Amino acid sequence: MSYTLQHIAKILKSKSEISSEQLINYLLIDSRKLVHAPTTLFFALKGPRNNGHAFVKELYDKGVRAFVVSESGFQELAPEASFIEVSDTLSALQLLAAHHRKQFNIPVIGITGSNGKTIVKEWLYQLLQDSFSIVRSPKSYNSQIGVPLSVWPMMEHHQLALFEAGISQSGEMDKLQKIIQPTIGVFTNIGEAHSEGFLNIRQKVNEKLRLFTHVKTLIYCKDDPQVHTAVAGLWQQLHRDDSNDFTLFNWSTVSDATLQILTIFKDNGKSLISANYKGQTIQIEIPFTDDASVENAIHCWCVMLHLDVKPKEISKRMKQLEAIAMRLELKQGVNHCSVINDSYNTDINSLKIALDFLVQQQQQPKRTVILSDILQSGKPERELYQEVSDALKQREVHRFIGIGEKLYAYQNLFQQLPNLETKFYKSTESFLSDFPQLTFREEVILLKGARVFEFELINQRLEEQRHQTVMEINLNALVHNLKWYQEQLKPGTRIMAMVKAFAYGSGSYEIARLLQYHKVDYLAVAYTDEGVALRKRGIQLPIMVMNPDASSFDQLVQFHLEPDVYSVSLLNELVDYLKKQGIEHFPVHIELETGMNRLGFNEKELSVLETVLDTTVLKVQAFFSHLVASESPAFDGFTRQQGALFVKMCDRLSAKLSYPVLRHLSNTSGIARFPDLQFDMVRLGIGLYGVESGNTHIREASTLKTSIAQIKQLEPGETVGYGRKGILQNEEIEREGKRRNELEQGGEKPCSFEEQQKALGEISRAGTIATIRIGYADGYSRALSNGKGKVMIKGQLAPVVGWICMDMTMVDISHIPGVKEGDEVIVFGGPLSVKEVAKWADTIPYELISGVSQRVRRLYYEE
Ligand SMILES: *Cc1c(COP(=O)(O)O)cnc(C)c1O
């Protein structure tokens, strides 16, 4: 199926005269994701803040010649391009996808519900890929934009489609129904989550069910009365017309159903599920025991039965179900490499997604892909590997290693590429035996291999083994937070993102890169060195340095960093230096003192400033000051006074300058609370990392995790750690008011060992402790010692016992069943809010997140 531009204009019912016969393969909505300009059609979408029309020129310069727009006047900018004008570009994208979908007469499974959509979709793919050639939504593409992009890759050779649909408010599902046009529906479940856009649960269920208004079969679980009632309503509505052949395929654990679950038996990491189906008892075994996995697997089971997959095949494939990696992770590897291990599937679509992720991670200059044969694509082999070769070429991959008989056979398709270094092996084994000869150094490596190729063996060789404490940074959360703050800004207000102190502990370069990609306007660091490090790795955004000193002037100039000038003496030194060097129009930010009493010129010093400021050696980029209590309603009066003083000082200085100067005052908490203090730019810090106090719209971005090194059983009277400080306090005794401290207060005169032991034995109990791999040298504050702090293990809190050591900490796990050595421990983040932990440590989240030491590995991921 291929479309010319002319044909597309007709489908979109555009009035524009389009005669171009240009073939279109790619639909593009994000200018940064361009892969192949000659066959790309760009849809200029308009969002609350971004307007795709702003990128037309940039894309034209990169070779794109086809655009769908809702604004006019581009022809002059881009004389050789064609513009399809429509009234709404998003509707046009949806219309095109709906038209494309209509060309196919294959079973299309539409999946919706509150949780589990992506897992059910991916599992169905795992379970059915041996029986069908499948097209499916990439990742969790289920939105108004994601769904059309999912449907577009449907092709003649596909035999089954799996698309998920997600909505956040009423009215959206009808649009998705028209695009997906499912013939089989799967309703996963209804949760309490994301109810914001709906009046109540009933409205939410009914709205979601609108995806199924034309399906032939609906698969769902009867056990939730809300869902069951709503489905019954839909049934009645659809059966008013007798000719309708709509059928229900339901399952239940309690009552009669198409698939009636009889028993669910969990043991040793597996669940054995037996059920009654058409009068027979059948069963499956899955390698998971959590309730969500059981529910997801039963949904998949229903689909397989409905598609008439043989019971024997079903049980064989169910046993092999694999966990779904919901995110792409970038891990530190050997020799300064980074490794993206995306080995849970290898179809061409997910390869492209992973390649795009690879391109965005420009941590190292060189890009390497290690790929296995792609199994069951349904496409002719030569065509398939040609497509892989094209994909590598478009993403400018430098080194390609192909593993498997097929890639080996088609190696000439890759060897033709001019700048690609290639190597081919018939098996993973032969690759591994050659491994010592293949040096991997300073490259980003994407690993993508089908299950049978056992790429985990390659991953083990590439990933750096370090102690197991990691700080995980959720890049989606960061971007979500950035967008949220952007939406609070008045039009035209810029953002300076604070990446000082290693980006509040999250990693300056990695975060700066992400921010540069998302087009923030400015960065700020505390010291010159931090700015130099960013420049050396290729960050090009303007960077303000808040605390420069005279010894770093050379570097400021050499690396195009913009100093904060905060005092008369610094100003004089800088002006002298610039004059000596013969430098003109050097950009600076002038800091004004409005109440913080840290750095900056106060009102009395303005007269000095006025006399020197208007010199040609300087170019004043901005006047700025800092709010001291923008988060605190008690001081709102003071904040407004700071604002007024700031305006007064800026006005006075601006009057002396012959050119306009930006103003910035607000930090995170000021942004939403004081819109009138946003001025030309705001300085976003802690909010980016998701921990503004009281703000529930943002998401914490970092999670600090470690693992258990050893587990010990204690008897009453035993102590834990230095100074014999830690005991497992006997709660009954504690209620009587006797505590460990009384023993110490006995103090001065040393009591005998026997006396001591007796006293300890009385106040303590037996129990279990775990030694975890984190200590104060990692940034786990010693203030959290002796029960003040708690970590989370298997979803439960485990209090710290005794003093925190330099590299290790002991915690009480007596009350948590089933804990093993090696188990994961959450130190903060995720389910254990960093705000809560900061409170225990008697500090603020800023100190906790920025204090995580550099020896702790950082891991960046996208969901
Ligand atoms: C750190 C800092 C900020 C950011 O403050 P947040 O509360 O983290 O948003 C802004 N401006 C200056 C001058 C800072 O030092």
Side-chain angles (χ1 to χ4, degrees), residues 477-478 481-482 484-486 488-489 493-506 508 511-512 515 520-528 530-531 542-548 561-567 570 588-601 621-633 635 638-639 642-643 645-646 649-650 662-675 677-695 697-702 834-835 838 843-851:
L478 260 148
N481 298 339
L482 176 65
W484 188 83
Y485 285 101
Q486 278 174 338
Q488 313 310 311
L489 296 180
T493 308
R494 291 166 230 219
I495 290 193
M496 174 183 274
M498 309 306 285
V499 293
K500 60 189 180 192
F502 206 57
Y504 290 47
S506 299
S508 3
I511 302 307
L515 295 166
V520 305
D521 304 279
Y522 252 96
L523 296 176
V525 295
Y527 294 99
T528 308
E530 297 176 306
I543 300 176
M544 176 174 93
V545 177
M546 292 195 294
N547 207 338
L561 302 169
E562 303 178 8
D564 163 0
V565 175
Y566 52 79
S567 70
L570 182 65
V588 296
H589 296 248
I590 302 289
E591 180 163 1
L592 303 173
E593 179 56 74
T594 59
M596 176 82 174
N597 287 317
R598 190 169 69 177
L599 298 178
F601 294 92
Q621 298 286 62
F623 298 124
F624 82 100
S625 185
H626 195 32
L627 296 177
V628 306
S630 57
E631 70 288 349
S632 162
F635 293 115
F638 185 76
T639 302
Q642 279 195 283
L645 179 57
F646 178 61
M649 292 170 86
C650 289
L662 299 178
R663 298 174 183 194
H664 49 99
L665 176 68
S666 221
N667 64 337
T668 296
S669 302
I671 293 176
R673 297 197 67 236
F674 297 94
L677 299 184
Q678 290 176 357
F679 300 105
D680 302 302
M681 182 149 77
V682 296
R683 295 187 307 272
L684 177 60
I686 195 85
L688 193 53
Y689 311 98
V691 269
E692 180 188 350
S693 70
N695 186 338
H697 302 283
I698 54 175
R699 295 164 55 195
E700 288 186 11
S702 38
V834 63
K835 290 181 200 162
T843 181
I844 50 176
Y846 292 74
E847 181 177 343
L848 218 58
I849 59 174
S850 67

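Note that the structure is predicted; figures quoted are calculated from it, not measured. Just so you know, ligand 1 is whichever comes first in the structure, and atom 1 is the first atom listed for that ligand.
- The distance from ligand 1 to the heavy atoms of M498 drops below 4.0 Å at these ligand atoms: 2 (C), 3 (C), 4 (C), 10 (C), 11 (N), 12 (C), 14 (C).
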Verdict with supporting geometry, L515 and L688, side-chain contact (heavy atoms from CB on, under 4.5 Å): CA-CA 10 Å; L515 295 166; L688 193 53; 4.0 Å; yes
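- With hydrogens and angles disregarded, no donor-acceptor distance shorter than 3.5 Å links the side chain of Q642 to the backbone of A629.
- Distances shorter than 4.0 angstrom occur between a heavy atom of K500 and an atom of ligand 1.
- Ranking the protein heavy atoms by distance from atom 5 (O) of ligand 1 puts N667 CB, 3.5 Å first.
- In this structure, atom 12 (C) of ligand 1 lies nearest to the protein heavy atom H626 CE1, 3.3 Å.
- Of the protein's heavy atoms, T668 OG1, 2.4 Å lies nearest to atom 9 (O) of ligand 1.
- Ranking the protein heavy atoms by distance from atom 7 (O) of ligand 1 puts Y846 OH, 2.7 Å first.
- Between the R494 side chain and the Y522 main chain, no donor and acceptor come within less than 3.5 Å of each other.
- For the pair P542 and D521, the minimum side-chain heavy-atom distance is 4.5 Å or more.
- What sits closest to atom 11 (N) of ligand 1 on the protein, heavy atoms only, is R683 NE, 2.7 Å.
- Protein heavy atom nearest atom 4 (C) of ligand 1, with residue, atom name and distance: Y504 OH, 3.4 Å.
- Between F679 and F646, the ring-plane angle classifies as perpendicular under the 30° and 60° cut-offs.
- Judged by distance alone, the side chain of S508 and the main-chain N or O of V499 form no donor-acceptor pair under 3.5 Å.
- Using a 4.0 Å heavy-atom cutoff, R598 is listed among the residues neighbouring ligand 1.
- Note on ring orientation: taking the six-membered ring where Trp is involved, the planes of F624 and H589 are perpendicular (angle over 60°, cut-offs 30° and 60°).
- With ligand atoms numbered from 1 in the order given, ligand 1 contributes 12 (C), 13 (C), 14 (C), 15 (O) to contacts under 4.0 Å with heavy atoms of M546.
- Other residues, nucleotides and ligands place more than 12 heavy atoms under 6.0 Å from the CZ atom of F638.
- Between G685 and ligand 1, an N or O atom pair is found at a separation short of 3.5 Å.
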